[in-house]
Amino acid sequence: MREWPLLTDEAGAVLAPMASLTDAPFRLLAERFGALWTVGEMVMAGSLLQGSVEGWRLLRLHPEERSRVVQLAGADPGEVARAAARVQERVSPRAIDLNMGCPMPKVVTRGAGAALLDDPERAARMVAAVREATGLPVSVKLRLGFSRVNAVEVAWALEQAGAALLRVHGRTAQQRYGGRADWEAVREVARAVRIPVVGTGDVRSVEDYRVRRELGVGVAVARGAVGRPWFFAEVRRERVSAAARRAAAREHLRLHLAWHADRGEVWALRAFRGHLKAYLNAAPAEVRARALALERADEVAGMLGAWVVDGT
C-alpha cells in the first residue's frame, strides 16, 4: 500500500482524533461517508505497557475499519517504541500516529504531547524508534510550536527521522484553542518539507474546507464533523438528503450501542451524549435537555429521527 494518500490530488478530508468522541463507531461512519482516513483517540504509551485495560480498550479497531490508524503519546522514545510494537502485535494497525501537539497540562508536564515541540531532537528519535520497532508508516500531530513558532524546524527533524506525514494544528500549544488557527503558517510547513502535510483548526463548514484546500495542504476536521459525519461526503460535492442524515444518525446510535454492548445500554447512551447533543443542535433547548436525560435507546432513536434536519 502507499504510505499515505496524495492529498494534493485527492479531494476529501481526514477525521482528527477527539477524546471521548472518535471511537470505532464514529470512525467507521466517517469512513462510510468518505473520510480519507481517521485517527483513533490518544493513548499514553506508558499506560499500555502497564497493562491499562481502559487504554487497550480505546485502541480497539472495528473489523470494518479500513484506516486503522492509532495514536500514541509519550515522553520517552524507547517507551513509545515498545508500546507501538505491542500495539502492532495486538491490534494490527496500518499506521501509528504520534501526538506531539496535545497542550493539556497533565500531558505536557510529563514531557509528552506539545512538550516535544521544544525538543525536536527527542521528537525525531521517537519517530525513528517507532519506525524501527514496527516498520509501519508514522505520522505526527504537532502544533506551530509550544510558546514560539518553530514548526518548520520540528518538521525538518521529523521528516529526516522518517515521518510519513505531518498533521499541523495552526496554533501554538500556549494558545490552546484560543484565537484563530494560522493556516498560512501551516502552508509554510508544507512548503518546507517533501512529505504530505495536513492542516487542522477551525474547519467547521464545507466553505472552510475549500478555503484551506486552496492553500495546497490537506485538511483534517474534528469538532466540525461531530453531529455531522456526512461532512466528508459534502466536501466531495455529494448531496446528503435530510432523510439520509436522519438514517445516518440512527445508524451511528446502533453502531455505538453494539460496540459498547458489554457495558450496558445506559452506559452506552451516556457515552453517546456528546454526539447526541451535536446531532440535535437545531432542536429547541428544552428538547435537547430532555434528549440528553434519556436512558432508553428507542427513545433516543426517536429523537434523532425527529430532529436531525438539513440545518444540522
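For the pair Arg143 and Met100, the minimum side-chain heavy-atom distance is 4.5 Å or more. Counting heavy atoms from C-beta outward, Leu21 and Val226 have side chains that approach closer than 4.5 Å. Counting only heavy atoms from C-beta outward, the side chains of Val80 and Asp76 never approach each other to under 4.5 Å. Looking only at side-chain heavy atoms (C-beta outward), Leu15 and Phe231 stay at 4.5 Å or farther from each other. No side-chain heavy atom of Phe146 sits less than 4.5 Å from a side-chain heavy atom of Asp119. The side-chain heavy atoms of Val70 and Leu61, taken from C-beta on, include a pair separated by under 4.5 Å. Looking at heavy atoms from C-beta onward, Met18 lies out of side-chain contact with Glu41 at the 4.5 angstrom threshold. Pro284 is listed as a side-chain neighbour of Trp307, based on a closest heavy-atom distance under 4.5 Å.
Arg68 contributes atom CZ, which lies 11.5 Å from atom CD1 of Ile96 (distance to the nearest 0.5 angstrom). Taking CD of Glu188 as the reference point, atom CG of Leu144 lies at 11.0 Å (rounded to 0.5 Å). In this structure, Asp118 CG and Arg148 CZ are separated by 6.0 Å, a value rounded to the nearest 0.5 Å. Here His169 contributes atom NE2 and Cys102 contributes atom SG; the two are 11.5 Å apart, rounded to the nearest 0.5 Å. The line from CG of Leu276 to CZ of Arg288 is 10.5 Å long, rounded to the nearest 0.5 Å. Here Asn150 contributes atom CG and Thr172 contributes atom OG1; the two are 10.0 Å apart, rounded to the nearest 0.5 Å.
Trp37 places no side-chain N or O within donor-acceptor distance of the main-chain N or O of Arg66, the cut-off being under 3.5 Å. Remark: side-chain polar atoms of Ser52 are not paired, donor with acceptor, to backbone N or O of Leu48 under 3.5 angstrom. A donor-acceptor pair under 3.5 Å is absent between the side-chain atoms of Arg167 and the main chain of Lys141, judged by distance alone. With hydrogens and angles disregarded, a donor-acceptor distance shorter than 3.5 Å links the side chain of Arg122 to the backbone of Gly111. A donor-acceptor distance shorter than 3.5 angstrom exists from the side chain of Tyr209 to the backbone of Gly12, with no hydrogens or angles considered. Under the 3.5 Å distance criterion, the side-chain polar atoms of Glu64 are left unmatched by any main-chain donor or acceptor of Leu28. The closest donor-acceptor contact from the side chain of Arg213 to the backbone of Val217 lies under 3.5 Å. For the pair Arg110 (side chain) and Lys106 (backbone), a donor-acceptor distance under 3.5 Å is present. Judged by distance alone, the side chain of Gln71 and the main-chain N or O of Leu98 form no donor-acceptor pair under 3.5 Å. When atom types are taken as modelled, the side chain of Arg223 and the backbone of Arg204 share no donor-acceptor pair closer than 3.5 angstrom.
Salt bridge absent: Glu132 and Arg82 never bring a charged side-chain N and a carboxylate O closer than 4.0 Å. Taking a cutoff of 4.0 Å between a charged side-chain nitrogen and a carboxylate oxygen, Glu234 and Arg228 qualify as a salt bridge. The pair Arg270-Glu295 meets the salt-bridge criterion, since a charged nitrogen lies less than 4.0 angstrom from a carboxylate oxygen. A salt bridge links Glu184 to Arg187: one of the charged nitrogens lies within less than 4.0 Å of a carboxylate oxygen.
Shown here is Trp156, whose CH2 atom has no more than 12 heavy atoms of other residues, nucleotides or ligands within 6.0 Å.
Side-chain contact of Glu31 with Ser67: a donor-acceptor pair under 3.5 Å is present, judged by distance alone.
Between Trp230 and Tyr279, the ring planes are tilted. Angles from 30° to 60° get that label.
Cluster membership check: Met42 does not share its hydrophobic cluster with Val127, using side-chain heavy-atom separations under 4.5 Å among Ile, Leu, Val, Met, Phe, Trp and Tyr. Note on Val91 and Leu58: same hydrophobic cluster, where clusters join Ile, Leu, Val, Met, Phe, Trp and Tyr whose side-chain heavy atoms are under 4.5 Å apart, directly or indirectly. Under the 4.5 Å side-chain heavy-atom criterion for Ile, Leu, Val, Met, Phe, Trp and Tyr, Val149 and Val168 are members of the same hydrophobic cluster. Leu255 and Met303 fall into different hydrophobic clusters, where Ile, Leu, Val, Met, Phe, Trp and Tyr residues are linked whenever their side-chain heavy atoms come under 4.5 Å apart, directly or through other members. In this structure, Val211 is not a member of the same hydrophobic cluster as Val203, with clusters built from ILVMFWY side-chain heavy atoms closer than 4.5 Å.
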- Query: Passes salt bridge (Lys or Arg N to Asp or Glu O under 4.0 Å), Arg210 versus Glu207? Steps please.
  - Reply: CA-CA 5 Å; Arg210 303 221 188 287; Glu207 180 58 28; 5.5 Å; no
- Does the pair Phe26 and His62 meet the rule for a ring pair (Phe, Tyr, Trp, His ring centres under 6.0 Å), with working shown? CA-CA 10 Å; Phe26 186 47; His62 194 283; over 10 Å; no
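Taking the ring centroids of His260 and Phe272, they lie at or beyond the 6.0 Å cut-off.
Looking at Arg212, Arg171, Arg180 one by one, the single match for side-chain hydrogen bond (donor to acceptor under 3.5 Å, both in side chains) with Asp202 turns out to be Arg171. Of the residues listed (Leu158, Val198, Ile195, Val197), the one engaging Leu165 in a side chain to side chain contact (heavy atoms under 4.5 Å, CB included) is Val198, and it is the only one. Results of the side chain to side chain contact (heavy atoms under 4.5 Å, CB included) test with Leu72 over Asn99, Val138, Val87 single out Val87 as the only residue that passes.
The cationic atom of Arg60 (NZ for Lys, CZ for Arg) lies less than 6.0 Å from the six-membered ring centre of Trp259 and within 45° of the ring axis.
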